[in-house]
Amino acid sequence: MALSTLYSPPEQGQLVAVRQRRYVVTEVAKSTLPERPLRHSGNGAQHLVSLASVEDDALGEEIEVIWEIEPGAQVIEKVALPEPTGFDDPDRLDAFLDAVRWGAASSADVKSVQSPFRSGIDIEDYQLDPVVRAVQMPRVNLLIADDVGLGKTIEAGMVILELIIRHRARRILVVCPAALQIQWRDQMRDKFGLDFRVVDTELMKRLRRERGIHVNPWTHFPRLITSIDFLKRERPLRLFRETLPQEGDPLYPRRYDVLVVDEAHNCAPSGRRKYATDSLRTQAIRLLAPHFEHKLFLTATPHNGYIESFSALLELLDNQRFARGTTPDRKQLAVAMVRRLKSELPPRFDGSPRFPKRALEAMEVEYTAEEKAVHAALRQYTKLRQKDVADNTEKFATEFVLKTLKKRLISSPAAFARTLAQHEKSLQSSRRKQKPTTPTIGVLQRQIDRVDEEYADDTEYEEASDDAVDSASRLFREPTNDETALLKKMRDWAASASARPDSKASVLIQWLKDNIRPGGKWSNERVIIFTEYRATQNWLQERLTFEDLGGGVRLLTLYGGMDTDKREAIKAAFQHDPAESPVRILLA
């Protein structure tokens with residue numbers, strides 16, 4: 001082949017190979033500069049060629065090259081249909097034509113859905129409701145608020161697949177808690193045949209090594225999964241903003257197709273009596289939402305008791321039907337929200353229940369005299385503190401700190417000791433300064449709102465809680481002698497009680513010995529124990545180990561902020577058959 005032919009510019013629509021990747025030519029523009037002879041070509045004209053990627057991991061990505069000086073650029077000539085070498089069996093051809101016909105029909109027929117039959121799932125009739133609604137909506141905005149265990153992920157997957165089949169969606173982003181990223185990726189791959197990439201710190205490092213420091217992770221693949229706590233950070237959010245239209249540019253057509261927000265209640269603004277405050281999570285979703293054609297919000301607890309927070313969440317979903325601060329219209333809510341409880345679903349066709357009945361059994365705890373005394377001391381301390389507050393700001397701070405102390409005392413002596421120590425430290429720090437730096441009520445309100453947020457990392461939650469307690473305690477007046485004596489009494493009790501099980505832990509330990517390790521031998525029963533605070537979890541793990549209930553691999557812990565691979569390994573070990581896995585207690 002002559003060099004002049006090799007370096008001649010391609011034509012629009014041709015397939016080319018550039019930089020070891022395949023592109024289709026979208027535009028060819030000839031240079032207006034005077035032609036100069038090139039060493040490798042007799043033709044001195046240069047051409048600016050616009051290219052769109054056809055690779056799976058960069059579909060639609062666009063670049064521009066100067067064709068004559070681009071190393072290794074070549075036109076892929078063999079794009080014609082292959083020569084026929086034989087004939088298929090008539091039944092096979094008939095099946096192929098049926099598949100083409102059904103695929104074409106599903107794009108226009110809103111009465112027939114294809115995704116349930118192109119998925120590897122056991123179809124439940126109630127799970128078809130969201131996908132049936134979706135195909136009838138010109139723009140899909142659904143709040144799927146089904147009860148826990150009804151399969152919200154499966155319902156969202158069917159909607160996504162149906163939109164893809166109908167060519168109504170291509171670029172999809174799933175935003176979920178960090179602990180659910182792997183689960184989402186595996187569910188979409190195994191049950192719907194959809195490949196999703198997880199966008200996190202590790203992916204960003206790998207892409208920068210492979211494609212350069214200026215690569216944008218949000219454009220490298222059409223279907224992505226990320227955690228809300230990664231997305232809300234400054235750098236990932238800035239990179240995502242770079243993919244959006246600049247200010248003043250129209251939002252139509254929208255840049256992205258489907259936004260799925262799992263555990264959407266975590267992204268709702270913090271509710272209050274008259275207003276709702278946007279968290280960093282809320283701000284991130286508020287930035288993204290207008291640039292997606294379709295939105296699916298998933299949560300089993302859509303309402304947190306504050307109408308302001310609920311209406312703000314609905315506005316993020318559909319700002320045409322709902323407005324922040326306005327009570328949602330019931331008719332509009334019925335269109336946009338899917339809500340079913342397990343108790344509302346009818347039994348199966350043979351009369352058997354769909355789900356096992358949930359039995360709640362209370363375990364009574366008799367507190368010791370010493371424990372009753374420390375509860376009484378905290379009540380007395382609360383009464384004295386609230387009696388002589390100077391203003392509403394100190395009253396607000398007092399109520400927050402004392403409520404936090406009560407919650408920690410009910411949880412465990414270790415959690416109570418941590419918060420009490422922070423409270424006393426702040427009081428002493430404030431007392432040592434002649435002009436202490438005290439926060440305003442607005443600053444304190446924002447810090448308390450941070451505590452009310454959901455955290456994927458327990459360390460971040462503890463830091464936010466400590467900061468709020470510290471700021472609120474600085475607004476306290478100097479303690480009286482009686483208050484100081486009460487603080488000392490509670491501190492001494494917490495120090496001694498942290499070294500042994502309290503009454504509640506003793507009842508739990510006895511239950512574990514009776515049911516999980518009866519007679520000193522491990523049974524095949526398993527139990528999950530939930531704690532609200534990391535300090536309580538660590539303390540309870542020590543107590544169970546001391547009681548010979550945590551030796552070896554019998555007891556595992558699960559907490560926010562742990563390594564993803566380790567978390568998945570723990571979940572897999574706990575889900576294995578008891579005869580194969582020795583795990584019996586999961587402390588979460």
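These numbers were taken from a predicted model, which means no experiment stands behind them.
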*Asks:* Do the side chain of Ser581 and the main chain of Ala573 share a donor and acceptor less than 3.5 angstrom apart?
*Replies:*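 Yes, Ser581 side chain to Ala573 backbone: donor-acceptor pair under 3.5 Å.
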*Asks:* Cys267 and side chain to side chain contact (heavy atoms under 4.5 Å, CB included): which single residue from Leu280, Val175, Thr299, Ile285 fits?
*Replies:*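 Answer to the side chain to side chain contact (heavy atoms under 4.5 Å, CB included) test with Cys267 among Leu280, Val175, Thr299, Ile285: Ile285.
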*Asks:* Please determine if Arg340 and Asp146 form a salt bridge, counting it only when a charged side-chain N lies under 4.0 Å from a carboxylate O.
*Replies:*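 Counted as a salt bridge, because a side-chain N and a carboxylate O are separated by less than 4.0 Å.
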*Asks:* Sub-3.5 Å donor-acceptor pair from the side chain of Arg339 to the main-chain atoms of Ala300, do we have one?
*Replies:*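 Confirmed, Arg339 side chain pairs with Ala300 backbone.
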*Asks:* Do any N or O atoms from the side chain of Lys342 and from the backbone of Val148 form a donor-acceptor pair under 3.5 angstrom?
*Replies:*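 The answer is yes, because a donor-acceptor pair under 3.5 Å joins these two groups.
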*Asks:* Is the backbone of Thr531 close enough, under 3.5 Å, to the side chain of Gln537 for a donor and an acceptor to pair up by distance?
*Replies:*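 Answer holds: no.
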*Asks:* How close do Arg168 and Pro138 get, counting heavy atoms only, and between which atoms?
*Replies:*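 Closest approach of Arg168 to Pro138, heavy atoms only: NH2-O, 3.2 Å.
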*Asks:* Is the side chain of Arg554 donor-acceptor paired with the backbone N or O of Pro582 at a distance under 3.5 Å, no angle test?
*Replies:* yes
*Asks:* Quick one, Arg235 and Met204 - any side-chain contact, counting heavy atoms below 4.5 Å?
*Replies:* yes
*Asks:* Salt bridge check: are Arg281 and Asp229 linked by an N-O gap of less than 4.0 Å?
*Replies:* yes
*Asks:* At what distance, to the nearest 0.5 angstrom, does CE of Met337 lie from CG of Leu317?
*Replies:* 10.5 Å
*Asks:* So do the side chains of Tyr23 and Val49 get within less than 4.5 Å of each other, counting heavy atoms only?
*Replies:* no
*Asks:* Verify whether one side chain among Gln283 and Arg286 offers a donor that lies under 3.5 Å from an acceptor in the other.
*Replies:*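 No - no donor-acceptor pair under 3.5 Å links their side chains.
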*Asks:* Quick one: does any side-chain atom of Arg354 pair with a main-chain N or O of Pro346 as donor and acceptor, under 3.5 Å?
*Replies:* yes
*Asks:* State whether the side chain of Ser311 and the backbone N or O of Glu308 hold a donor-acceptor pair below 3.5 Å, judged by distance alone.
*Replies:*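 Confirmed, Ser311 side chain pairs with Glu308 backbone.
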*Asks:* Grab the two heavy atoms, one from Pro302 and one from Ala145, that are nearest each other, plus how far apart they are.
*Replies:* CG-CB, 3.8 Å
*Asks:* Ignoring hydrogens and angles, tell me if any N or O in the side chain of Ser309 forms a donor-acceptor pair with the backbone of Pro269 under 3.5 Å.
*Replies:*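 Yes; judged by distance alone, with no hydrogens or angles, the pair exists.
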*Asks:* More than 12 foreign heavy atoms under 6.0 Å from CG of Asp577: is that the case here?
*Replies:* yes
*Asks:* Do side-chain atoms of Gln12 reach the backbone of Thr26 as a donor and acceptor pair under 3.5 angstrom?
*Replies:* yes
*Asks:* Of all heavy-atom pairs between Ser119 and Phe192, which one has the smallest distance, and what is that distance?
*Replies:*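 Minimum heavy-atom contact is OG-CD2, 3.2 Å.
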*Asks:* If you look at every heavy atom in Val25 and Glu11, which pair is closest and at what distance?
*Replies:* CB-O, 3.5 Å
*Asks:* Do Arg209 and Lys205 come within less than 4.5 Å of each other through their side chains, counting heavy atoms only?
*Replies:* yes
*Asks:* Tell me, do Glu70 and Arg19 make a side-chain contact under 4.5 Å, heavy atoms counted?
*Replies:* yes
*Asks:* Output the distance between atom CD (Glu27) and atom CG (Leu48), rounded to the nearest 0.5 Å.
*Replies:* 7.5 Å
*Asks:* Output, in order, the C-alpha distance, side-chain angles, deciding distance and verdict of side-chain contact (heavy atoms from CB on, under 4.5 Å) for Cys176 and Ile225.
*Replies:* CA-CA 8 Å; Cys176 62; Ile225 298 172; 4.1 Å; yes
*Asks:* Could you go through Leu143 and Asp318, starting from their C-alpha distance and side-chain angles, then the distance that decides it, and tell me whether this counts as side-chain contact (heavy atoms from CB on, under 4.5 Å)?
*Replies:* CA-CA 10 Å; Leu143 174 62; Asp318 190 342; over 6 Å; no
*Asks:* At their closest point, which heavy atom of Arg133 faces which heavy atom of Ala334, and how far apart are they?
*Replies:*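 Reported closest heavy-atom pair: NH1-O, 2.9 Å.
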*Asks:* Is there a side-chain contact between Ile164 and Ile172 in this structure, where contact means two heavy atoms from C-beta onward sitting under 4.5 Å apart?
*Replies:* yes
*Asks:* Is the Trp218 ring parallel, tilted or perpendicular to the Phe240 ring (thresholds 30°, 60°)?
*Replies:* perpendicular
*Asks:* Distance check, rounded to the nearest 0.5 Å: Ile213 atom CD1 versus Leu207 atom CG?
*Replies:*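 It is 13.5 Å, given to the nearest 0.5 Å.
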*Asks:* Can you tell which of Thr153, Ile160, Leu173 makes a side chain to side chain contact (heavy atoms under 4.5 Å, CB included) with Val260?
*Replies:*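 Going through the options one by one, the only one that passes is Ile160.
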*Asks:* Going by the side chain to side chain contact (heavy atoms under 4.5 Å, CB included) test, name the single residue among Ile121, Val132, Ile123, Leu163 that passes it with Met158.
*Replies:*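 Answer after filtering Ile121, Val132, Ile123, Leu163: Ile121.
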*Asks:* With rounding to the nearest 0.5 Å, note down the distance linking NZ in Lys232 to OG1 in Thr282.
*Replies:* 10.0 Å
*Asks:* When you check the gap from the basic side-chain N to the acidic O, do Lys152 and Glu155 get nearer than 4.0 Å?
*Replies:* no
*Asks:* Would you indicate whether the side-chain heavy atoms of Arg206 and Glu202 approach each other to under 4.5 Å?
*Replies:* no
*Asks:* Which heavy atom of Phe355 sits nearest a heavy atom of Gly149, and at what distance?
*Replies:* CE2-O, 4.0 Å
*Asks:* Within the 4.5 Å heavy-atom criterion, are Lys571 and Leu586 side-chain neighbours or not?
*Replies:* no
*Asks:* For the pair Arg171 (side chain) and Leu224 (backbone), establish whether a donor and an acceptor sit closer than 3.5 Å, ignoring hydrogens and angles.
*Replies:*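 Answer holds: no.
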*Asks:* If we count only N and O atoms by modelled type, under 3.5 Å, do the side chains of Asp350 and Ser352 hold a donor and an acceptor together?
*Replies:* yes
*Asks:* Would you be so kind as to tabulate the donor-acceptor pairs closer than 3.5 Å made by side chains of residues 287-298, with sequence neighbours excluded?
*Replies:*
residue: Glu293; atom: OE1; partner: Arg254; partner atom: NH1; Å: 3.4
residue: Glu293; atom: OE2; partner: Arg139; partner atom: NE; Å: 3.3
residue: His294; atom: ND1; partner: Val140; partner atom: N; Å: 3.1

*Asks:* Distance from Arg22 atom CZ to Leu51 atom CG, nearest 0.5 Å?
*Replies:*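 Nearest 0.5 Å value for the CZ-CG distance: 13.5 Å.
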*Asks:* If you round to the nearest 0.5 Å, how far is NE2 of His47 from CH2 of Trp67?
*Replies:* 11.5 Å
*Asks:* Let me see the working for Leu345 and Leu150 under side-chain contact (heavy atoms from CB on, under 4.5 Å), right down to the final yes or no.
*Replies:* CA-CA 10 Å; Leu345 296 177; Leu150 293 187; 3.7 Å; yes
*Asks:* Taking NZ, NE, NH1 and NH2 as the nitrogens, is one of them in Arg238 or Glu242 under 4.0 Å from a carboxylate oxygen of the other?
*Replies:*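 Yes, Arg238 and Glu242 are salt-bridged.
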*Asks:* Kindly indicate whether the side chain of Thr243, heavy atoms from C-beta on, has any atom under 4.5 Å from the side chain of Tyr256.
*Replies:*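 Result yes, sub-4.5 Å side-chain heavy-atom pair found.
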*Asks:* Applying side-chain contact (heavy atoms from CB on, under 4.5 Å), run through Leu556 and Phe574 and close with a yes or a no.
*Replies:* CA-CA 9 Å; Leu556 296 178; Phe574 196 75; 5.7 Å; no
